[in-house]
Amino acid sequence: MVYDLMEAAVTEDPYFYMDAGLDGFPAFGFRPGSEVKQPYRIYLPEKLPAEFTLVATFKPTSLRTSYLFAVLNPFETVVQLGIRISDGPGSNQNISLVYTNSDDHSHSEEVAKFTVPKLTKKWSKIVIKVSTTDVTFYLNCHEMARQRVTRIPQELVFDTASTLYIAQAGPHIQERYDVSTHPLPLWIPF
């Protein structure tokens, strides 16, 4: 099963724009201030299985700490699922998988964090493959790292009132992106 999160980006937002993407294909652009949010249940299943893969092709235009996407709990205070990009050591950045059971935690949990060279102003493709025991990170089709993780629960059940945000993590977390992106598919094996 494939879920394309960019379907949520069809909007009249003045901070949203079309950009030239890889190989001349169109891409969506988001400036800080964009407000792309939708009920998660329109674009994602009620329950995320124990094994899944996230794929994103994007070009950040700033070094700002931000989320490519985030599914937030009903209070919009905890990221249940998301990809976060932040400053890393030296001239690097971190890409994190955020995976949180908001019934048990009052703050967002980064279950895996990977350090990569700065990605600003160039197209990059990441793949985050999640199995029951580890998370594997690929950058531009090359396996970069693998981390053993413990996720509780293995299958994440979203609250029915959760919200999907694109290029940010809602009004309370305030980590908005300045980015161009191709579709953000979520691959779920069946």
Side-chain angles (χ1 to χ4, degrees), residues 3-9 11 13 15 28 30 32-56 58 60 62-88 93-116 119 126-131 134-137 147 149-179 181 183-188:
Y3 299 90
D4 183 356
L5 303 184
M6 292 310 297
E7 289 178 4
T11 179
D13 189 322
Y15 298 100
F28 296 109
F30 302 91
S34 70
E35 183 71 21
V36 178
K37 74 178 204 176
Q38 299 285 344
Y40 95 92
R41 65 188 174 277
I42 296 173
Y43 303 98
L44 291 169
E46 177 185 343
K47 179 174 26 174
L48 192 64
E51 296 188 340
F52 61 94
T53 302
L54 300 170
V55 179
F58 59 98
S62 75
L63 296 173
R64 180 178 294 123
T65 296
S66 52
Y67 280 83
L68 284 178
F69 81 94
V71 177
L72 273 71
N73 68 336
F75 301 108
E76 298 190 343
T77 55
V78 176
V79 176
Q80 295 172 290
L81 179 69
I83 297 176
R84 183 174 188 258
I85 300 178
S86 60
D87 284 332
Q93 287 182 290
N94 292 319
I95 297 180
S96 303
L97 171 64
V98 180
Y99 182 100
T100 311
N101 179 359
S102 62
D103 291 338
D104 294 339
H105 298 281
S106 59
H107 63 279
S108 304
E109 299 282 320
E110 288 184 339
V111 294
K113 184 186 292 187
F114 303 96
T115 301
V116 298
L119 303 174
I126 62 170
V127 175
I128 299 174
K129 183 178 176 187
V130 180
S131 74
D134 56 28
V135 176
T136 307
F137 177 76
Q147 293 180 7
V149 297
T150 302
R151 293 177 295 125
I152 300 173
Q154 286 283 316
E155 293 182 331
L156 184 62
V157 178
F158 297 110
D159 188 287
T160 57
S162 293
T163 304
L164 168 65
Y165 282 91
I166 304 295
Q168 64 168 307
H172 302 295
I173 297 175
Q174 291 295 318
E175 293 184 356
R176 298 172 184 263
Y177 222 163
D178 193 358
V179 65
T181 184
L184 287 166
L186 171 69
W187 299 82
I188 298 177

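- Residue pairs that meet the salt bridge (charged side-chain N to carboxylate O under 4.0 Å, His left out) test with at least one member in residues 156-170, sequence neighbours left out, do not exist here.
- For E76, the side chain to side chain contact (heavy atoms under 4.5 Å, CB included) partners are K37, L72, T163, Y165, P171, H172, not counting sequence neighbours.
- In this structure, the salt bridge (Lys or Arg N to Asp or Glu O under 4.0 Å) partners of D134, at least two apart in sequence or on a different chain, are R146.
- The side chain to side chain contact (heavy atoms under 4.5 Å, CB included) search around N94 returns S86, P89, K113, T115, not counting sequence neighbours.
- Listed by chain and residue number, nothing satisfies the side chain to side chain donor-acceptor pair (under 3.5 Å) test with E46 (two or more places apart in sequence, or in another chain).
- Scored by the side chain to side chain donor-acceptor pair (under 3.5 Å) test, N73 finds T77 as partners (sequence neighbours excluded).
- Residues forming a side chain to side chain contact (heavy atoms under 4.5 Å, CB included) with P153 (at least two apart in sequence, or on another chain): N101.
- Ring orientation note: the planes of F137 and F114 are close to parallel, at an angle under 30° on the 30°/60° scale.
- Contacts of T100 classified as side chain to side chain contact (heavy atoms under 4.5 Å, CB included), with partners at least two apart in sequence or in another chain: V78, V98, H105, S108, E109.
- With sequence neighbours left out, Y43 forms a ring pair (Phe, Tyr, Trp, His ring centres under 6.0 Å) with no residue at all.
- With sequence neighbours left out, Y99 forms a ring pair (Phe, Tyr, Trp, His ring centres under 6.0 Å) with no residue at all.
- For residues 97-107, no residue pair satisfies the salt bridge (charged side-chain N to carboxylate O under 4.0 Å, His left out) rule, not counting sequence neighbours.
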